[in-house]
Amino acid sequence: MADSAELRVGDQTINLPIIEGSEGERGLDISKLRSQTGLITLDPGYGNTGSCQSAITFIDGEKGILRYRGIPIEQLAEKSTFLEVAYLLIHGKLPTQAELEEYVGSITLHTMLHEDFRSFFGALPKDAHPMAACSAAVGALSTFYPDSLDPSDERQLEISIHRLIAKMPNMAACAYKHSIGQPLIYPRNDLSYAANFMHMMFATPCEHYEVDPVIEKVLDLLLILHADHEQNCSTSTVRLVGSSMVNLFASVSAGINALWGRSHGGANQEVIEMLARIRDEGITTKQFVDRAKAGDDNARLMGFGHRVYKNFDPRMKIIKKACFDVLEKLGVRTKLLEIAVELEEIALKDDYFVERKLYPNVDFYSGVIYNAIGTPANMFTAIFALGRLPGWIAQWSEMHDDPAFKIGRPRQIYTGETMSDYVPIEKR
Ligand code: CMC
């Protein structure tokens, strides 16, 4: 197969090298295009732009394949744990037993927040969205830990990473507790990562709280499934912000904001709100689908469609199964699940969705699970952020280690006014 492509611009012909990845994906290297021809490329939404070479996550959107470091998501979902997956993503290989114990031990040592975070959360309005609170809290970590901010110092970076993974569940739970006016709960280091989060969310100082193992397991599974997804909007944000050599906390804080949007992670909250609307307004799922097809932005079928997957999202398949299992084990019956199943069935047979290859994505069923385990809708995206953390960290670190690393700085085609003179105010 050709290893370069020819581009003819006027009477000039240049060769563009073709880069091939380990799974056969091919891309044109245009890094010298501007210096050779004066041209840049234009690709709104970056649908055809590879921003980096990465060895972390592989997706084949046509076949519905997702692998972290080569390992299929189905195997990780069945056999691994979230912290093991975090290690895999960040360190590039599965840990040995001793490595995993040391890793989990170190992260567990960092679960407590600085006590001044109490007044930090206390200063936020009660109705602050948890994503805003989490982004602010992660950004604030750089004020609490100025000793570990240098991105080029390996030891400082390791401490930052462990602090961030350890403290994020605590910060997310604090955001929730503050919003409902309950005391912030200290972590319990005898609990697993997922169980500790549930404990900080739902325990109170007045009563003993036991984490249901069914809930602990499904939450860990959901975190694994969200752990990385290559160059999505929030990950690209983390990389771009980090490329200025700012610290990890500041970069991840920006990523949390990017994830919040309803086209990205915010969709999981929107899905449950959409299902509740259908239930409460008494409209049929068919009527709702028809509105979505008519391009009614208020009736976009949330949890459907994906820039990369033009087939079933493999995460969605796992989550759908988990959803049925958990609801059965917990003995929960919910109208929302019935509506979701109906919506999915109608949309998958509808020409509009078939032609556009719109399939349910990771967010379609996850909210039904979060809802069934008692999590309020505005916390769904914060749990997504908790899961995505290792991916952001792994991608941020990979970028800094890349020999081709430089600050991210896209160009533009200027379409504004050409040179025009300043007009004094009295003459306008
Ligand atoms: N409902 C109705 N129509 C849709 C939907 C939808 N959910 N998604 C895409 N379309 C239509 C869209 O209107 C367009 O139609 P046309 O060609 O007639 O103009 C066509 O399908 C292509 O869509 P697009 O918006 O150009 O695709 P995109 O790759 O730019 O956007 C998306 C992808 C995920 C933003 C979009 O599908 C969407 O808004 N989905 C709903 C929100 C959602 O579930 N987001 C979570 C994504 S997965 C998790 C994550 O990334 O965090």
Side-chain angles (χ1 to χ4, degrees), residues 43-49 57 59 61-62 64 66 73 131 134 222-239 254-275 277-278 285-320 339-340 343-370 377 379-392 395:
D43 183 20
Y46 307 126
N48 293 289
T49 297
T57 288
I59 302 176
E62 265 70 38
L66 170 62
I73 192 66
M131 287 299 273
C134 283
L222 285 161
L223 296 179
I224 292 173
L225 296 176
H226 286 88
D228 193 45
H229 215 235
E230 48 115 312
Q231 309 313 319
N232 55 81
C233 176
S234 57
T235 301
S236 297
T237 301
V238 170
R239 276 185 176 253
I256 294 172
N257 286 324
L259 185 73
W260 187 8
R262 70 181 195 142
S263 296
H264 194 7
N268 59 12
Q269 175 177 348
E270 299 253 347
V271 170
I272 210 78
E273 287 168 359
M274 170 186 78
L275 300 176
R277 249 174 71 202
I278 295 173
T285 44
K286 170 89 177 58
Q287 282 167 329
F288 191 86
V289 168
D290 286 342
R291 270 161 55 180
K293 282 159 54 181
D296 178 347
D297 226 25
N298 287 326
R300 182 158 268 244
L301 197 48
M302 299 311 289
F304 254 75
H306 199 277
R307 173 62 61 80
V308 178
Y309 291 119
K310 302 301 167 197
N311 197 330
F312 281 101
D313 179 336
R315 302 165 299 175
M316 169 271 169
K317 285 190 188 170
I318 301 169
I319 292 178
K320 183 176 178 185
I339 296 173
L343 266 183
E344 186 196 354
E345 276 173 12
I346 292 175
L348 287 177
K349 285 191 203 125
D350 191 293
D351 284 349
Y352 174 95
F353 292 88
V354 174
E355 277 160 18
R356 289 168 179 76
K357 299 192 172 142
L358 301 172
Y359 289 83
N361 60 48
V362 67
D363 294 320
F364 194 68
Y365 283 102
S366 61
V368 180
I369 303 184
Y370 294 138
M379 280 300 292
F380 295 0
T381 318
I383 302 178
F384 190 152
L386 204 56
R388 184 54 53 89
L389 199 48
W392 288 332
Q395 300 273 352

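When a ligand or atom number is given, it counts from 1 through the structure's own listing order.
His306 CD2, 3.4 Å is the protein heavy atom nearest to atom 48 (S) of ligand 1. Distance from atom 11 (C) of ligand 1 to its nearest protein heavy atom, with residue and atom name: Tyr352 OH, 3.5 Å. The protein atom (non-hydrogen) at minimum distance from atom 47 (C) of ligand 1 is Asn361 ND2, 3.5 Å. The protein non-hydrogen atom at the shortest distance from atom 52 (O) of ligand 1 is His264 ND1, 2.7 Å.
Leu343 approaches Phe364 most closely through the heavy-atom pair CB-CZ, 4.1 Å. Across Glu230 and Gln395, no two heavy atoms sit closer than the pair CA-NE2, 3.7 Å. The nearest pair of heavy atoms linking Asn311 to Glu62 is ND2-O, 2.8 Å. Of all non-hydrogen atoms in Ala377 and Ile272, the two that sit nearest each other are CB-CG2, 3.7 Å. Across every non-hydrogen atom of Trp260 and Thr381, the tightest pair is CA-CG2, 4.2 Å. For His226 against Tyr370, the heavy-atom pair with the smallest separation is CE1-OH, 3.8 Å.
Atom 20 (C) of ligand 1 is flagged as protein-proximal [any protein heavy atom, distance under 4.0 Å]. For atom 7 (N) of ligand 1, the nearest protein heavy atom lies under 4.0 Å away. When distances from atom 39 (O) of ligand 1 to the protein are checked, a heavy atom turns up under 4.0 Å. Put simply, atom 31 (O) of ligand 1 has no protein non-hydrogen atoms near it, under 4.0 Å away. Under the 4.0 Å distance rule, the nearest protein heavy atom to atom 1 (N) of ligand 1 falls inside the cut-off.
The closest approach between any non-hydrogen atom of Glu270 and ligand 1 is not below 4.0 Å. Ligand 1 is approached by Gly303 to a heavy-atom distance shorter than 4.0 Å. Residue-ligand proximity: Leu358 is placed with a non-hydrogen atom under 4.0 Å from ligand 1. Contact analysis leaves Phe364 out of contact with ligand 1, as no non-hydrogen atom separation drops below 4.0 angstrom.
Checked by atom type and distance alone, the side chain of Arg239 never pairs as donor or acceptor with a backbone atom of Thr235 at under 3.5 Å. A donor-acceptor pair is defined here as one N or O able to donate and one able to accept, closer than 3.5 Å; such a pair exists between the side chain of Arg307 and the backbone of Gly45. Between the side chain of Asp363 and the backbone N or O of Ala267 there is no donor-acceptor pair closer than 3.5 Å. In terms of modelled atom types and a separation under 3.5 Å, the side chain of Asn361 and the main chain of His306 share no donor-acceptor contact.
For the residues Asp363, Thr381, Val308, the heavy atom positioned nearest atom 49 (C) of ligand 1 is part of Asp363. Summarising the contacts of atom 42 (C) of ligand 1 with His229, Arg291, Met302, the nearest heavy atom is found in Met302. Residue Ser263 holds the heavy atom nearest to atom 35 (C) of ligand 1 of all those in Ser234, Cys233, Ser263. Considering each of Arg315, Lys310, Arg300, the one bringing a non-hydrogen atom nearest atom 12 (C) of ligand 1 is Arg300.
At least one side-chain heavy atom of Phe353 sits less than 4.5 Å from a side-chain heavy atom of Leu301. Two residues are said to be in side-chain contact when any heavy atoms from C-beta on lie closer than 4.5 Å; Phe288 and Thr285 fail this criterion.
Counting only N and O atoms by type, the side chains of Thr49 and Asp43 include a donor and acceptor under 3.5 Å apart. At a cut-off of 3.5 Å, with distance as the only test, no side-chain donor of Gln231 or Tyr46 sits close to an acceptor on the other residue.
Atoms of ligand 1 lying under 4.0 Å from any heavy atom of Arg307, numbered from 1 in the order shown and given with element: 28 (P), 29 (O), 30 (O), 33 (C). Heavy-atom proximity to Arg262, at under 4.0 Å, picks out these atoms of ligand 1: 42 (C), 45 (N). Here is the list of ligand 1 atoms found below 4.0 Å of a heavy atom in Ala267: 43 (C), 44 (O), 45 (N), 46 (C). Residue-ligand proximity, Gly305 to ligand 1, at heavy-atom distances under 4.0 Å covers atoms 34 (C), 37 (O). Listed by number with element, the atoms of ligand 1 under 4.0 Å from a non-hydrogen atom of Val362 are 49 (C).
A side-chain contact (heavy atoms from CB on, under 4.5 Å) with Tyr309 is found for exactly one of Lys357, Arg315, Met316, namely Arg315.
We find that Glu270 and Arg300 are not joined by a salt bridge, their nearest charged nitrogen and carboxylate oxygen being 4.0 Å or further apart.
Annotation: Gly265 places an N or O atom under 3.5 Å from an N or O atom of ligand 1; distance criterion only. Any N or O atom pair closer than 3.5 Å counts here, and Phe384 shares no such pair with ligand 1. For a threshold of 3.5 Å applied to N or O pairs, the pair formed by Phe304 and ligand 1 contains at least one separation below that value.
In Leu301, the parts holding a heavy atom less than 4.0 Å from any atom of ligand 1 are both the side chain and the backbone. At a heavy-atom cutoff of 4.0 Å, ligand 1 is contacted by the side chain of Arg356 but not by its backbone.
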